[in-house]
Each structure stands twice: as structure tokens, then as C-alpha cells.
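Convention: sequence-line order gives letters A, B, ...; per-chain numbering from 1.
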Amino acid sequence: MEKPNDTNFITNTIDKDNSTKKFGGRVHTRFPPEPNGYLHIGHAKSICLNFEIAKKYNGKCNLRFDDTNPEKESEEYINSIKRDVAWLEYNWDEIHFASDYFNELYTYAIELIKNNYAYIDSSSAEEIKKLRGTLTEPGINSKDRNRPTEESLRIFEEMRNGNYEEGEYVLRLKIDMSSSNINMRDPVIYRIKKIRHHRTGNDWQIYPLYDFTHCISDAQENITHSLCTLEFEDHRELYDWIIEKIQHKNKPQQIEFARLMLENNVMSKRKLAELIESKNVDGWDDPRMPTISGLRRRGFTPNSIKDFCSRIGVTKKNSFIEMGVLENTIREELNLSAERVMGVLDPLKVTISNYPKDEEEVVKAPNNPSNKNSYRNINISREVYIDRSDFMEIPEKKYFRLSPGKEVRLRHAFNITCQKVIKNAKGDITELDCTYDSESRDINKGNKVKGMIHWVNAKDCIDVQINLYDRLFTEANPKGLESFNEDSLVEKNNAKIENNVNIDNYDKRYQFERVGYFIRDKKSKDNIIIYNQIVSLKDTWKNKKG
RNA sequence: UGGGCCGUCGCCAAGCGGUUAAGGCAUCGGGUUUUGAUCCCGACAUACGUAGGUUCGAAUCCUACCGGCCCAGCCA
């Protein structure tokens, strides 16, 4: 594995902080997902960043669920997120929930009201929106902005007790309605929501909003570097304002980085959900999905994902990463570790007419070219299957696989020559009549041939379905479903694989020689054995042809 | 049109006033290899969004432009 690229503008900042003892040389990060959906590769970038930084500086990294909106959140998501983080082999030092701080948050809110930094507003959502101003015009103070402290305190408590309906009142920070930073125009920090929370049940009728919750949660956990994505840059001023006004002893530093975007893919929960709802994919863990669960089912390993994250770097520049970078990481890992077997996607029957009927022999084939001492045995007899793509009746230039009259080697076995092409009434090729050169079992004795193709023994190969995957969209930056790649899934229903494959092992990744890397689909039905193509082998021949 | 950010090779990304402007992916040559894979070797930015300026010296500092992203949820 490559040495991870573990320095970036954030570690530079931390180095500086450490040298000035800003946090006493301490480093404490956190990964703060909202449990309202499944994690994707973009989250993996954040997970790797936060946990790797903690590791690098002998610090800590917490897992914290930002669960302040019970409407969208659930236990199911909490569990899936925990599972995904654990699958990536990261161990959080502490696990917290923003909802654990509801009491402290409430107390801080009261303090802010008392200090004239917050007030209860009876304005409707529409009124608040109207008075907020625009990007170029300042906002206007709410009629309730100077509500007496005692009154705000009383209403706030009544809100908590459930005396009011949703929308009747909100608690707002009193900052500056004319600020050029719209986040500072008296942001709402508490709203009434008469919804049962998945962790606090019916204890609360009011729930704090992100801006109020996040900074205080960080401070409570004594986080030093609060890493988040670019869209929160404008919120930093508010983050710092709140920490200052509540006079918290801890002052975490928020640092923003660019979120991950992949070419020919989408990353937003909404767009991912669209793919599912439109039935273009079969769920959050469809092997084409950029979700952690999708990647896992596809056959990616935790290491390959971490390797990917270290390769793409961390900056403040919005950019799209080519899918090839991701694919390359798993290809590189599997090249070293995956055992080799053979499998044909589109079987074409080959009868070796001069091979004795009812006879069979065993050939040896290395499990991995890196270890010449580990072999597997493969049976071969009179009938084999090869891939249709390895035969061309009228070969194009430089095609050095099988064609009429041509000799190629069956990998690990011997050379065969195509004598006759057999077709059905429609003119489709149904079978090839070939002869073999028994001398060529010894690789030094047969003719030197340029073509080498893979095959399976007809008598004992295993019938499987092989799923080939490609990028989800044809456009680099998809706007919507219009550019969905209809060929993103190709099912090879008649595929056949060598019987050395352990079909009961759902975790073992194989290289089907000359084709790609495969893993048994965890969702295979009992009657159909499905193998997922994790990634193909590089194919410069295909590239050259254009 | 207010504010906050960003612009170094096709895609990422080092670089922090003096370097031949790292590295990875991709691409293109060549070698090894009976996986058109792997592996190895080589090529690949006189150029850092543009234009000025400061300086003996600038991708690095200053100014002005140009281009892109984000912000007007009682979402996070």
C-alpha cells in the first residue's frame, strides 16, 4: 500500500497550533453525522480525515450524532452509521449524541436570554423570512426584538412545557439584522417541534438548531479542531460568537474543507434517493451506489477506501475526482491479494475434436503469480467454453485471439487451433470445432502463439450470473436522471466459472483471469449464484481500439 | 449588485520570496511477461486564471480585473 499522503492545509494549521500551544498541544476531532441517511464515500473522506488526524497526533476522535431534528432521524440510521464507521476500521474514542446535551443547551439558552443576547419571537416563519432582508439589503428588526427578558424567559419555559403549538414562537439570537453575513441576522436557535425524539422520547417539545448545537457540543467535548465542509464557512462567525457569549472555557477551532465529488456520480442524499425511488438502482446498497454499503457490497475493501481518501488530498478547492482513481485503489490491492481463477462471461462452446472422448486430465495453475508454489488443479477435457469476445470470425488487425485457422493457447493447458465455425439456422455462431496440439502441454514444445485465452471445463464448471457494473451517469456532473447510464448494470446470465471457486465464501475476492475482480453478491438468491464485478482489469487493447 | 471562499499539467495535488515547479491517477513510447494484466524504464506545465506592480529575484507579496463555488430553512 502507498504511504498515505498525510499532510494538508489542516495538518499545517494543527502543526502551527501545536507550536504555539493553542490547545496545549492537544488534538481532538470528531465525526458528526446526522443520523438521517446512509453514509457515502464523501462521508468516508471526512471519517478518514478526522480519525487519521487524531491518529497522527496521538489525539482522539469522537463519533457524535447530530440528532437535533427528530423529524428526519432514526435509530436505523444510527446503527448503519456505526456499522459503516466500524467497517472502515476506525474506533471512536467517545460516542456522543447532541441530544445528550439538550439540558446544557437549554441552560445556555436561558443564560443568553438573561444577558440580552436572545429573545422570543412570535413572528411566523414567513415574517421572519421577509424581515431577514436579501443578499444585498439588510434585514429589519423583529417587533419582538426588545421583548422584556422576563417575558422571553417565561415563554421559553412555556414552550418547553408544551404550552404552544409549532411555529407560535421561536428563540432567536440578538445579533445584527444588518450584518452582511446572513447567518448573523438574529438566527433562530430553538423551535417548537411536537415530535417524539428517537432518544429523548417525549421529554422535549422544543429542539435546538444546528448552529446553536454544534459549537456547544464541540466545546462540551473539548474538541480542538472542528472539521467541516465548505458550506459552513459563513457559519464560523456565528460559531465563534456563541462560544464567546456563553463564555465557554473551551474554544474549538472550526476549519472547513471541500467535500468530495466524484465524476459521473452524485453524492447528495436527495439525488441518491431519487435513483432508488425511480428504481434505477435497487437500494442504498446497490453495488453501483457511492454509499459505503454499496461499495462494500460491490467488493471494495476498507483499505482501498482509505487509500483512496489519502490519495485525493484535502483542500478548499471544489473539485471532481475521476472514478478511475477509486477504481485504481481496489485494483491495486486485489492484484496483490486476490487468488486467480477462470470464468467466462459469454460462453462459446469449443469441442476439441482430436481430444479423446471420455478422457480428462488435470492442469496446474498458480493461485497468484506472486507465489509460484501455490497451485490449484483444473480439469480439462474434450469440451470447454471460452468467451465469445475471444473469437472473431473475421479478425480485425492486431487481434491475436482465436479466429478460423488460428492457434491460441488455452491458459494453463495447451494450444488449440480453430478448424471450423458451427452456426445455427440464423447464422449465429454456436460452437467452434478445434484441435489441440498435445505436445504443447509443455510450453516449450508447442508453437509459440501470441494469443492466450481463458476457458472453463464444460463438464464441471459452475453456472453463475455475473453482474458487470459501470458508472451511474454518462455525464461528469449529472444534473438529473436524464444522464443515467442505462448500461451501468449488465447481467451476464449464462456465465460459467471454474469449480475451484468457493461459492460459499461471500468475502473472498477472486481475479477471473484476463477479466477482472469478483466477489459473491451478498444478496444472491439461493437458486442463482451471483458474482459482482468489483472492477475490471485494465484493458489497453480496448483503449487502443478506441 | 452584500458577504464568505477558491483558481498550479486531462483529473487530483505539493509548493508558504531564490527548487530543474514534488507525487499520484490518466495518457503516450519502450522492455519483461504465454493474464493485451502485473512489473520495470522513459516521456508528459520555461509554466502556476489574466494584467500590472514591489523585489537583484514572485506560483509564492501588493493592486485590479476575469472565472467558479457557497449563503436569504423554524435542515444539517
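- Atom C1' of B:rC9 sits at a distance of 14 Å from the matching atom of B:rG49, rounded to the whole Å.
- Between A:S180 and B:rG4, a side-chain N or O to OP1/OP2 separation shorter than 4.0 Å is absent.
- Taking atom CD1 of residue A:I175 and atom P of nucleotide B:rG3, one finds them 19 Å apart after rounding to whole Å.
- A:Y101 and A:E221 form a side-chain donor-acceptor contact under 3.5 Å, judged by distance and modelled atom types alone.
- A gap of 14 Å separates the C1' atoms of B:rA22 and B:rA59, to the nearest Å.
- Both A:N12 and A:N368 lie near RNA chain B, and the one whose nearest nucleotide falls closer to the 5' end is A:N12.
- Counted by atom type alone, A:Y239 and A:D218 present one or more donor-acceptor pairs between their side chains at under 3.5 Å.
- For B:rA14 and B:rU19, the C1' atoms lie 12 Å apart once the distance is rounded to whole Å.
- Here A:I321 lies in heavy-atom contact (under 4.0 Å) with sugar-phosphate atoms only.
- When heavy atoms are screened at a 4.0 angstrom cut-off, A:I128 is found touching base atoms of the nucleic acid.
- Out of B:rA76, B:rU1, B:rG36, the shortest distance to the side chain of A:Y399 is found at B:rG36.
- Searching all strands for a Watson-Crick or G-U wobble partner of B:rC16 with both distances below 3.5 Å returns nothing.
- Note that A:K193 lies outside the cation-pi zone of A:Y207, set by a 6.0 Å cut-off to the ring centre and a 45° limit from the axis.
- B:rU50 and B:rA64 make up a base pair, with Watson-Crick or G-U wobble contacts both under 3.5 Å.
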- Task: I would like to know whether A:R199 and A:D100 meet salt bridge (charged side-chain N to carboxylate O under 4.0 Å, His left out); could you show each step before the answer?
- Result: CA-CA 9 Å; A:R199 296 192 76 247; A:D100 291 341; 2.9 Å; yes
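- Counting non-hydrogen atoms under 4.0 angstrom, A:H235 reaches a base of the nucleic acid.
- Distances shorter than 4.0 Å separate none of the side-chain N or O atoms of A:T315 from OP1 or OP2 on B:rC12.
- Donor-acceptor pairing under 3.5 Å, judged by distance alone, is absent between the side chain of A:R236 and the base of B:rG4.
- Computed from coordinates, the A:D234 CG to B:rA76 P distance equals 17 Å when rounded to whole Å.
- A donor N or O paired with an acceptor N or O is not found under 3.5 Å between the base of B:rG2 and the side-chain atoms of A:E137.
- Rounded to whole Å, the distance from CZ on A:F400 to P on B:rU35 is 10 Å.
- The aromatic ring centres of A:F300 and A:F308 sit 6.0 Å or more apart.
- Closest to the A:N328 side chain, of the nucleotides B:rU35, B:rC12, B:rC25, is B:rC25.
- For B:rG73, the OP1/OP2 oxygens have a side-chain nitrogen or oxygen of A:R132 closer than 4.0 Å.
- Between A:E333 atom CD and B:rU38 atom P there is a gap of 16 Å when expressed in whole angstrom units.
- A:S179 comes within 4.0 angstrom of no nucleic acid atom, judged by non-hydrogen atoms across all strands.
- Separating the C1' atom of B:rA72 from that of B:rU1 is a span of 15 Å, rounded to the nearest Å.
- A:S124 comes within contact range of at least one nucleobase, with a heavy-atom separation under 4.0 Å.
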- Task: Go through the steps for A:E274 and A:R270 under the test salt bridge (charged side-chain N to carboxylate O under 4.0 Å, His left out), then give the verdict.
- Result: CA-CA 6 Å; A:E274 235 171 65; A:R270 203 195 87 243; 3.8 Å; yes
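- Under 3.5 Å, the side chains of A:H235 and A:Q254 contain no donor-acceptor pair of N or O atoms.
- For B:rG4, the base adopts the anti conformation, since its glycosidic angle falls more than 90 degrees from zero.
- Candidate nucleotides B:rC75, B:rA26, B:rG36 were compared by shortest atom distance to the side chain of A:T540, and B:rG36 ranks first.
- Closest to the side chain of A:L135, from the set B:rC25, B:rA76, B:rG2, is B:rG2.
- Across the protein-nucleic acid pair, A:W541 atom CH2 and B:rA37 atom C1' stand 16 Å apart, rounded to whole Å.
- There is no side-chain donor-acceptor pair under 3.5 Å between A:D307 and A:T329.
- Following rounding to the nearest Å, A:Y210 (OH) and B:rG73 (C1') show an atom-to-atom distance of 14 Å.
- Within 4.0 Å (heavy atoms only), A:T229 reaches no atom of the nucleic acid at all.
- At most 12 non-hydrogen atoms from other residues, nucleotides or ligands lie less than 6.0 angstrom from CD of A:E157.
- Between A:R191 and B:rC75, a side-chain N or O to OP1/OP2 separation shorter than 4.0 Å is present.
- No engagement by A:Y190 is indicated, since no non-hydrogen atom pair under 4.0 Å with the nucleic acid exists.
- Atoms CG (A:N477) and C1' (B:rC11) sit 14 Å apart, rounded to a whole Å.
- Within the nucleic acid shown, A:E322 comes within 4.0 Å of at least one base atom, counting heavy atoms only.
- B:rG17 sits 11 Å from B:rU60 when the P atoms are compared, rounded to a whole Å.
- With rounding to whole Å, A:Q254 atom CD is found 18 Å from B:rC70 atom P.
- Between A:P33 and A:N183, the one whose closest nucleotide on RNA chain B sits nearer the 5' end is A:N183.
- Partner assigned to B:rU35 is none, using Watson-Crick or G-U wobble distances below 3.5 angstrom.
- Backbone-only engagement by A:V314 is indicated by non-hydrogen atom pairs under 4.0 Å involving sugar-phosphate atoms exclusively.
- The phosphate of B:rG36 (OP1 or OP2) has no side-chain N or O of A:K542 nearer than 4.0 angstrom.
- A:R185 comes within contact range of no nucleotide atom at all, as no heavy-atom separation falls under 4.0 Å.
- When heavy atoms are screened at a 4.0 angstrom cut-off, A:E71 is found touching no nucleic acid atom at all.
- Here the separation of B:rC28 from B:rG67, taken at their P atoms, is 35 Å to the nearest Å.
- The residue A:K193 sits close only to the backbone: its heavy atoms come under 4.0 Å of sugar-phosphate atoms, none of a base.
- Taking atom P in both B:rG53 and B:rA58, one finds a spacing of 12 Å when rounded to whole Å.
- Look at A:K538 and you'll find a side-chain N or O under 4.0 angstrom from OP1 or OP2 of B:rA26.
- Annotation: cation-pi pair A:R160/A:W204 present, NZ/CZ under 6.0 Å from the ring centroid and within 45° of its normal.
- Side-chain atoms of A:R401 lie closest to B:rG36 of the nucleotides B:rC12, B:rC75, B:rG36.
- If you check every strand for non-hydrogen atoms under 4.0 Å, A:T134 touches a base.
- When the P atom is compared between B:rC39 and B:rC6, the two are found 37 Å apart, to the nearest whole Å.
- Base pairing of B:rU27 is made with B:rA43, judged by Watson-Crick or G-U wobble geometry with both donor-acceptor distances under 3.5 Å.
- The shortest distance between the side-chain N/O atoms of A:K129 and the OP1/OP2 oxygens of B:rG73 is below 4.0 Å.
- Of all nucleotides present, none satisfies the Watson-Crick or G-U wobble test against B:rA72 with each distance under 3.5 Å.
- Side-chain proximity of A:K317 to the nucleotides B:rU8, B:rC74, B:rC69 is greatest for B:rU8.
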